[in-house]
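One structure below.
Whatever order the structure lists ligands and atoms in, that order sets their numbers, starting from 1. Along the sequence shown, the residues carry numbers beginning at 1. Since this is a predicted model, take the numbers as computed values, not measurements.
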Amino acid sequence: MKIKFHGARGSVPVSGPDFAGYGGHTTCLELVSDAWQIVVDAGSGFQNVRLLEDRPVILLFSHFHHDHIQGLAFNPDLLGQNREFFVSSALCDSNTLKGHLQNYFHGAYFPIDLIEAKDRFIFADFETLPASVGSALSIMSSPLNHPGGCVAYSIGEGAERVCTLFDNEYQVEQESRLLDFVDGAGLFIWDGMFTDEELQNRRGWGHSSIEEGMQFFAASRSAKMAIIHHAPSRTDNQLASLQDQLCEPQAFFAREQQVITL
Ligand SMILES: [Zn+2]
Ligand SMILES: [Zn+2]
């Protein structure tokens with residue numbers, strides 16, 4: 001399985017020389033196996049995902065905050081290809097999902113009715129995905145702690161598995177459930193919006209700290225941890241400095257366009 005980070009920034013896209021290394025696009029993750037392509041969240045990085053034509057494509061949403069859906073309308077393949085795309089989320093049923101996206105891309109906020117214009121979206125209930133896509137897909141979800149709700153995903157094929165744990169404000173009560181959830185995964189992806197110090201004044205904002213991620217990684221039996229949802233103010237130099245302090249080569253701040261192969 002191949003994992004590519006198309007957006008590793010949180011909250012709002014940023015640009016400029018201070019952000020060129022880790023990238024400025026908001027959350028978008030592409031997972032590709034021989035049997036399917038799954039895109040987790042459509043932040044602004046979604047515009048750079050090339051949608052494959054030779055296998056089922058699933059657009060999967062962890063939740064519906066701006067930074068996770070704002071790029072949906074801007075992928076040229078999505079509107080250019082005359083084919084069907086599955087759209088799903090474990091956070092809600094398919095009708096609610098369709099309603100959320102229709103609201104976001106309503107004519108008051110966006111020039112075309114994206115959902116009607118793209119009539120080949122198949123809004124699928126999360127539970128139906130393996131049956132729709134094929135037995136090569138193993139997929140599970142688990143609730144996260146985030147204002148408005150959010151879900152973690154465990155996505156795999158055979159022995160290869162990756163887990164997404166964003167967006168999430170970590171709580172010790174989650175520890176055993178989430179450790180079980182990521183157990184044995186080749187990679188899990190952590191919401192590291194804040195440092196411990198910053199988190200003191202950001203309780204209730206729905207995000208975890210980098211240090212909490214390191215502690216969770218140390219307790220886990222997962223091979224690698226990628227940290228994303230970098231704060232918009234966090235420069236390349238600051239991220240590189242924090243990376244030096246992690247002292248753990250298997251835990252890293254994800255960079256836009258970075259590819260991990262399991
Ligand atoms: Zn977010
Ligand atoms: Zn969020």
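Classified by interplanar angle (parallel below 30°, tilted 30° to 60°, perpendicular above 60°), the ring pair His68/His63 is tilted. Using cut-offs of 30° and 60° on the angle between ring planes, the pair Phe105 and Phe110 is perpendicular.
A cation-pi contact links Arg83 to Phe85, judged by a cut-off of 6.0 Å to the six-membered ring centre and 45° from its axis.
Taking the six-membered ring for Trp and the full ring otherwise, the centers of Phe181 and Phe188 sit at least 6.0 Å from each other.
Here His207 does not reach the Zn ion (ligand 2): none of its N/O/S atoms is less than 2.8 Å from the metal. Under 2.8 Å from the Zn ion (ligand 2) lies an N/O/S atom of His63, whether from backbone or side chain.
In His68, the N, O or S atom that comes nearest to the Zn ion (ligand 1) is NE2. Take the N/O/S atoms of His65: the one nearest the Zn ion (ligand 2) is ND1. Nearest N, O or S atom of Asp167 to the Zn ion (ligand 1): atom OD2. Taking the N/O/S atoms of Asp67 in turn, the shortest distance to the Zn ion (ligand 1) belongs to OD2.
When atom types are taken as modelled, the side chain of Thr164 and the backbone of Tyr153 share a donor-acceptor pair closer than 3.5 angstrom.
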